[in-house]
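Presented below is the structure to which this report refers.
Sequence positions, counted from 1, serve as the residue numbers for this chain.
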Amino acid sequence: MDLETYVRALPKAELHLHIEGSLEPEMMFALAQRNGVALPWDSVEATRAAYAFTDLQSFLDLYYAGAAALIQEQDFFELALAYFARAHADGVVHAELFFDPQTHTARGVAFATVLDGLERACIEAQAQWGISSRLILCFLRHLSEEEGFATLEQAMPHLARIHGVGLDSSEMGHPPSKFERLFARCRELGLHVVAHAGEEGPPAYIVEALDRLGVERIDHGVRAAEDPALLERLARDQVPLTVCPLSNVKLCVFERLEQHNLRQLLEAGLKVTINSDDPAYFGGYIAQNYLETARALDLSRAELKRIARNSLEASFVPESLRMPWFARLDALPD
Ligand code: HPA
Ligand code: ZN
């Protein structure tokens, strides 16, 4: 079995995927036309050519512009279904999708429109491909905690359909502590909690996410490597990191994939997973992330299997649902 076939055969969970970041330019243009929305680019080609990022903010500016094409419930359904089709081809058995309601409600799209479309795709993905999924509401950290509370209020009637909350958008200058009260409330409501930390922000943001937000996983977290005590803590407590290698290169967190610290994190005993973040913008879906990282860092098949196992273990589903996935994973050779 060649490496690409092996990578696709690994049953894996995707735990760091912004559904708006799976909007391919072709669909962006088709939806913009259908909805009569103007985009800042003239063509699909010009859009792709604009995807030359220098940092997180330079990406976010384009990502929010592209999301303007999404208006109707059907748009969110088609977006998520297209993601699930690709995920299925990549061996994803379970996906926990981030969505950014504030990006849409700010444009007058109702919270329920977003959620209804995404949820319908989740049900369809289970029926068509047997993929299970969960939805994680992300608060935009460049907005205020008060605005986060207003979004939580809109989510309240739908909490049975929302599994957890996260924190994304511009990291620098927006530390996790800004959202301490909001996350305490979310935990009280029984929601799972995660946060982006240590992508561009310092290791102290990871510590804050753990201590002040009570997060169960850290999204990205690669800058933990700069703090030996934090590395030791993350290893001891087996806090999952949802690492996104191609994203990190595209956003210049690492200059080249060969310089990525994923191997270092693994060898320090951390529960590392591989994910795609915003695959339509960063050059590949989850299997591409596994494959290119394996090649760049010379990861063995046993290490890839470990990473896939980590992703299944780090998912927010009960043990009983995971058993068939582990059985499939164990059946693969090293
Ligand atoms: N980081 C922060 N916010 C985001 C990202 C990311 O990688 N993708 C979408 N929103
Ligand atoms: Zn992300």
Side-chain angles (χ1 to χ4, degrees), residues 8 10-24 27 67 70 73-101 103-104 111-139 155 158-166 168 186 190-194 196 216-217 219 240 242 244 273-280 284-290 307-326 328-329:
R8 285 185 197 283
L10 287 168
K12 58 183 80 62
E14 174 131 74
L15 305 176
H16 187 157
L17 177 279
H18 303 265
I19 195 61
E20 295 90 346
S22 71
L23 179 55
E24 294 285 345
M27 185 181 284
L70 298 158
E73 187 262 7
Q74 180 68 17
D75 305 343
F76 291 94
F77 169 75
E78 289 175 17
L79 172 70
L81 198 67
Y83 163 71
F84 281 123
R86 293 194 186 246
H88 173 64
D90 279 2
V92 171
V93 294
H94 175 75
E96 299 185 359
L97 274 53
F98 292 142
F99 69 109
D100 287 343
T103 300
H104 311 300
F111 187 97
T113 300
V114 180
L115 190 61
D116 288 351
L118 298 179
E119 192 195 25
R120 190 153 65 85
C122 290
I123 293 167
E124 183 65 27
Q126 177 76 62
Q128 261 198 54
W129 300 296
I131 300 182
S132 62
S133 56
R134 299 285 187 266
L135 295 171
I136 298 180
L137 183 170
C138 276
F139 296 107
H158 310 287
L159 285 192
R161 307 193 275 161
I162 297 169
H163 212 68
V165 296
D168 67 0
C186 290
L191 292 160
H192 284 286
V193 294
V194 299
H196 283 55
E216 298 158 82
R217 301 193 297 242
D219 297 314
T242 64
C244 307
T273 66
I274 289 181
N275 308 270
S276 70
D277 208 4
D278 301 282
Y285 287 75
I286 191 169
Q288 194 70 22
N289 273 271
Y290 270 75
I307 292 167
R309 185 180 304 276
N310 287 347
S311 74
L312 302 174
E313 289 174 353
S315 69
F316 292 143
V317 295
E319 185 74 30
S320 60
L321 291 182
R322 299 181 195 165
M323 298 314 278
W325 304 335
F326 290 127
R328 274 179 56 190
L329 189 63

Flag side-chain contact, heavy atom, 4.5 Å: [X] against [Y]:
X      : Y      : result
Val317 : Leu312 : no
Val93  : Arg328 : yes
Phe84  : Ser133 : yes
His196 : His16  : yes
Ser315 : Trp325 : yes

Closest non-hydrogen atom pair, [X] against [Y]:
X      : Y      : answer
Ala287 : Arg8   : CB-NH1, 3.8 Å
Ala280 : Leu23  : CB-O, 3.3 Å
Asp100 : Asp168 : OD1-OD2, 2.6 Å
Ser320 : Pro324 : O-CD, 3.8 Å
Ala308 : Leu329 : CB-CD1, 4.1 Å
Ile136 : Arg217 : CD1-NH2, 3.7 Å

Chi angles and distances behind the side chain to side chain contact (heavy atoms under 4.5 Å, CB included) call for Arg309, Lys12: CA-CA 7 Å; Arg309 185 180 304 276; Lys12 58 183 80 62; over 6 Å; no
Just by distance, do the side chain of Ser311 and the backbone of Ala13 share a donor-acceptor pair under 3.5 Å? yes
Checking the side chain of Asn275 only, and the main-chain atoms of Leu15 only, is there a donor and an acceptor separated by less than 3.5 Å? yes
Determine, step by step, whether Phe77 and Cys122 satisfy the side chain to side chain contact (heavy atoms under 4.5 Å, CB included) criterion, reporting the C-alpha distance in whole Å, the side-chain angles of both residues, the deciding distance to 0.1 Å, and the verdict. CA-CA 9 Å; Phe77 169 75; Cys122 290; over 6 Å; no
Which distance, rounded to the nearest 0.5 Å, do you find between the [atom1] of [X] and the [atom2] of [Y]?
X      : Y      : atom1 : atom2 : answer
Asp278 : Ser22  : CG    : OG    : 8.5 Å
Thr113 : Leu70  : OG1   : CG    : 12.0 Å
Ile307 : Thr273 : CD1   : OG1   : 8.5 Å
Asp277 : Ile286 : CG    : CD1   : 11.5 Å

Only one of Leu17, Leu135, Val194 clears side-chain contact (heavy atoms from CB on, under 4.5 Å) with Phe98; which? Val194
Pair Thr242, Asp219: side-chain N/O donor-acceptor within cut-off below 3.5 Å: yes
Test ring pair (Phe, Tyr, Trp, His ring centres under 6.0 Å) applied to His192 - qualifying residues, sequence neighbours left out: His163, Phe316
Any ion pair linking Glu78 and Arg120 (charged N to carboxylate O, less than 4.0 Å)? no
Could you pull out every donor-acceptor pair under 3.5 Å between side chains of residues 124-131 and any protein atom, sequence neighbours left out?
residue	atom	partner	partner atom	Å
Glu124	OE2	Gln128	NE2	2.9

Please report the C-alpha distance between His88 and Tyr83 in whole Å, then the side-chain angles of each, then the deciding distance to 0.1 Å, and finally whether the side chain to side chain contact (heavy atoms under 4.5 Å, CB included) criterion is met. CA-CA 9 Å; His88 173 64; Tyr83 163 71; over 6 Å; no
Dump the intermediate steps for side chain to side chain contact (heavy atoms under 4.5 Å, CB included) on Leu97 and Arg134, then the final yes or no. CA-CA 6 Å; Leu97 274 53; Arg134 299 285 187 266; over 6 Å; no
His104/Phe99 aromatic ring centres below 6.0 Å: no
For Arg161 and Asp116, run salt bridge (charged side-chain N to carboxylate O under 4.0 Å, His left out): C-alpha distance rounded to whole Å, both residues' side-chain angles, the deciding distance at 0.1 Å, then the answer. CA-CA 9 Å; Arg161 307 193 275 161; Asp116 288 351; 2.9 Å; yes
Who pairs with Ala155 by side chain to side chain contact (heavy atoms under 4.5 Å, CB included), at least two apart in sequence or on another chain? Phe111, Leu137, Leu159, Ile162
